[in-house]
Protein chains: 2
Amino acid sequence: MQPTAHAHRRRTSGRSVTAADVLDAAKTLFALRGYHGTSLKHVAALLEIRTPSLYNHMESKSGLLRDIVMETLADVRHEFEGVLATTATPAGQLAEATRVYALHHATHRREALIVSHETRHLPEPDLGQAQEMRRDHERRFRQIILDGAASGDFSVASPKLASFAIREMCVSVARWFREDGSFTPDDVAEEYARQALKLVGSKP
Amino acid sequence: MQPTAHAHRRRTSGRSVTAADVLDAAKTLFALRGYHGTSLKHVAALLEIRTPSLYNHMESKSGLLRDIVMETLADVRHEFEGVLATTATPAGQLAEATRVYALHHATHRREALIVSHETRHLPEPDLGQAQEMRRDHERRFRQIILDGAASGDFSVASPKLASFAIREMCVSVARWFREDGSFTPDDVAEEYARQALKLVGSKP
DNA sequence: CCTACCGATCGGTAGG
DNA sequence: CCTACCGATCGGTAGG
């Protein structure tokens with residue numbers, strides 16, 4: 001139901017802790033127990049240091065959350081823009097946008113779970129900025145479906161509902177995907193791209 | 001991104017608080033801010049009483065979560081069993097199972113968000129029991145698709161992935177649905193049932 | 001239903 | 001990187 005095995009980068013013993021190590025430990029714990037369910041003591045313990053030492057490598061607990069969320073949303077936007085830049089038809093864009101979005105959620109499960117569940121705990125103005133970035137992805141994704149419906153490439157009852165269904169089924173990959181399961185991230189991404197085309201009634 | 005408007009039953013002023021009122025307030029706040037992001041002081045404040053008074057109507061904070069999660073999972077199971085009892089074909093069962101599952105998530109958003117995000121915070125043995133109930137729904141839902149694939153009613157590349165996609169797109173309804181939006185719960189449920197049949201390549 | 005109170009833990013700081 | 005410590009808040013209890 002919740003992720004139990006996370007790819008947590010093991011620190012080389014003896015080396016001193018870096019900002020990247022702190023962010024990585026926070027990703028593991030925020031994903032597993034939630035932002036408010038994780039104390040800085042947990043984060044420090046995972047790194048085998050004391051709580052106050054964390055402050056040499058971060059600004060605050062909410063700063064960690066902000067960095068995780070903003071960086072992840074920027075990655076998603078960058079991948080999406082890559083799709084639009086290299087694909088021209090609605091069917092090609094929808095398949096590729098779905099494929100990279102599903103792939104992202106299979107390969108960045110911790111970050112995706114944090115964006116989904118913990119963004120609401122960000123203080124303003126970070127919260128507003130994060131929400132705007134998500135809405136932007138939502139709008140641009142839906143626009144692909146609207147374009148395909150307008151051109152006749154797609155035959156879809158409700159572009160809005162189809163867009164919700166496709167995006168959310170990709171987001172959910174972070175919830176059920178298991179690294180030791182029967183699918184590779186690429187398997188899932190490819191099949192979800194095909195399912196997206198089916199959902200919008202894409203003409204072959 | 002997160003639910004902002006929740007159907008919170010307003011207590012009639014002057015009447016004394018009941019166990020149902022406490023559970024209702026907890027649903028609103030656990031859904032909005034998460035289990036660990038909600039203090040019993042918040043719950044009490046919403047009911048306009050003091051924190052210790054809550055204990056006249058509940059066992060503990062985790063008892064509230066357990067009651068919300070278990071009752072919701074029992075409701076879902078009951079609805080699912082109603083579908084199997086009244087529908088015989090794989091296509092009929094899949095459409096109906098999807099319809100009632102989507103409908104549940106549109107009409108019980110608070111409970112659904114709590115089951116999705118907060119179940120992990122349950123202490124054992126409640127956690128194990130909740131996980132088993134979810135796995136049971138997952139197995140039985142997937143079995144419908146396996147039946148349809150075996151009988152030739154469905155044409156689906158991966159029954160397992162199709163099952164994940166359909167169930168998770170229903171679960172996600174709780175995340176984006178808005179009571180004041182452009183769809184009724186029935187609109188969403190009907191359209192999602194059709195999308196489910198498309199996803200498994202159901203023969204008409 | 002309340003006031004008064006408990007020990008534990010929280011994020012964060014001082015000062016080396 | 002540490003020890004020592006801060007005020008605030010947590011879930012929960014005593015005792016009416």
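Chain A is the first sequence line, chain B the second, and so forth, proteins listed ahead of strands; every chain is numbered from 1. Here the structure is a predicted model, which means the values were calculated and not measured.
Of the listed nucleotides (D/dC10, D/dC2, C/dC1), D/dC2 has the atom at the smallest distance from the side chain of A/Ser53. Distance from the side chain of B/His57 is smallest to C/dC1 among D/dC2, C/dC1, D/dG11. Residue A/Ile49 places its side chain closer to D/dC1 than to any other of C/dC10, D/dC1, D/dT3. Each of D/dG12, C/dC10, C/dG12 was ranked by its minimum atom distance to the side chain of B/Tyr55; first place goes to D/dG12. Listed nucleotides D/dG11, C/dG11, D/dC1 differ in distance to B/Lys61; the shortest reach to its side chain belongs to D/dG11. Residue B/Pro52 has its side chain nearest to D/dA14 when only D/dA14, D/dG11, D/dC1 are considered.
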As a quick check of understanding, evaluate side chain to side chain donor-acceptor pair (under 3.5 Å) for A/Thr72 and A/Asp75, giving each step before the final call. CA-CA 5 Å; A/Thr72 302; A/Asp75 284 353; 5.6 Å; no

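Among the heavy atoms of the strands, none lies under 4.0 Å from A/Thr51. Using a 4.0 Å heavy-atom criterion, one finds that A/Thr38 contacts the sugar-phosphate atoms exclusively.
Rounded to an integer number of Å, the gap from NE2 of B/His42 to C1' of D/dG12 is 17 Å. Between the CG atom of B/Leu40 and the P atom of C/dC2 there is a distance of 14 Å, given to the nearest Å. To the nearest angstrom, C1' of D/dG12 lies 8 Å from CE of B/Met58. Computed from coordinates, the A/Leu54 CG to D/dC2 C1' distance equals 13 Å when rounded to whole Å. If you take NE2 of A/His36 and P of D/dG11, they are 12 Å apart, rounded to a whole angstrom. Rounded to an integer number of Å, the gap from A/Leu64 CG to C/dC10 P is 16 Å. If you take NZ of B/Lys41 and P of C/dT3, they are 12 Å apart, rounded to a whole angstrom.
Put simply, the side chain of A/His137 never gets that close to the backbone of A/Met133: no donor and acceptor are under 3.5 Å apart. No donor-acceptor pair under 3.5 Å is formed between the side chain of B/Gln195 and the backbone N or O of A/Leu199. The closest donor-acceptor contact from the side chain of B/Asp187 to the backbone of B/Thr184 lies under 3.5 Å. Put simply, the side chain of B/Arg66 never gets that close to the backbone of B/Asp126: no donor and acceptor are under 3.5 Å apart. Checking side-chain atoms of B/Thr38 against main-chain N and O of B/Gly34 turns up a donor-acceptor pair under 3.5 Å.
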Using Watson-Crick and G-U wobble pairs with both distances under 3.5 Å, what is the 5'-to-3' dot-bracket string of DNA chain C, with [ ] for crossing pairs and | for pairs outside the strand? ||||||||||||||||

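At C/dC1, none of the side-chain N or O atoms of B/Arg50 fall inside 4.0 Å of OP1 or OP2 (strictly under the cut-off). Phosphate proximity of D/dC10 to B/Ser39: present, with a side-chain N or O under 4.0 Å from OP1 or OP2.
Both A/Tyr35 and A/Asn56 lie near DNA chain C, and the one whose nearest nucleotide falls closer to the 5' end is A/Tyr35.
For the 3.5 Å distance criterion, the side chains of A/Asp21 and A/Thr18 qualify, holding a donor opposite an acceptor.
Results of the side chain to side chain contact (heavy atoms under 4.5 Å, CB included) test with A/Val76 over A/His104, A/Glu71, A/Glu111 single out A/His104 as the only residue that passes.
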